[in-house]
Amino acid sequence: MKKPASEFCAAAIRKVIRQIPRGKVATYGQVAAAAGYPLYHRQVVQVLRKAGESLPWQRVLGAGGEIRFKHEMAQEQRVRLEMEGVRFRGGRVDMTGHQHVFRTWEL
DNA sequence: ATCCTGACCCAAG
DNA sequence: GCTTGGGCCAGGA
């Protein structure tokens, strides 16, 4: 995988995100890796921005289970997650037990 | 082509 | 715990 057509990898990323079940979360890096592009965490952001409400964006967090949003959106995300049963410890998500484990990503 | 931006990541100090 | 600097990638001006 060298120069993946952006549409192609974007599709892979969307697919991965849709697999995250309610009550679980994943980091940008994990999503990118699970999609087959370990270094595309920044593209995950692009995809989520464009996808908007058509994807469970609240389940994607920064490294360490931290919300990378600012101000109101950060609150929105936290509320949504707590509503799904995700527990917070301090300013970050308690990853222990909430981190989604992707099954052997497609070969 | 260059410069800047974005919900980033991580090793160092 | 914090900040800094370097590395990553695509898209838009």
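Chain letters run A, B, ... following the sequence lines, proteins first, then strands; residues in each count from 1.
Proximity of the aromatic rings of A/H100 and A/F102 is defined here by a centroid distance below 6.0 angstrom, and this criterion is met.
If you take CG of A/L61 and P of B/dC8, they are 11 Å apart, rounded to a whole angstrom. Straight-line distance from the CH2 atom of A/W57 to the P atom of B/dG6: 18 Å, rounded to whole Å. Look at CG on A/L48: it is 11 Å from P on B/dC8, rounded to the nearest Å. Residue A/Q46 contributes atom CD, which lies 12 Å from atom C1' of C/dC8 at whole-angstrom precision.
You'll find that the side chain of A/A63 is closest to B/dC10, out of C/dA10, B/dC10, B/dC8. Listed candidates were C/dC8, C/dA10, B/dG6. Nearest to the side chain of A/H41 is C/dC8. In this structure, of B/dC8, C/dG11, C/dC9, it is C/dC9 that holds the atom nearest to the side chain of A/Q43.
Comparing A/E7 and A/R42 along DNA chain C, the residue whose closest nucleotide (by nearest heavy atom) sits nearer the 5' end is A/R42.
Remark: A/R80 does not engage A/E84 in a salt bridge, criterion side-chain N to carboxylate O under 4.0 Å.
If you check residues 65-99 of chain A against DNA chain B, the residues with a heavy atom closer than 4.0 Å are A/R68, A/F69, A/K70, listed by number.
Looking at heavy-atom distances under 4.0 Å, A/L39 makes contact with sugar-phosphate atoms alone, never a base.
The number of heavy-atom neighbours closer than 6.0 Å to CZ of A/F8, taken from other residues, nucleotides and ligands shown, is 12 or below.
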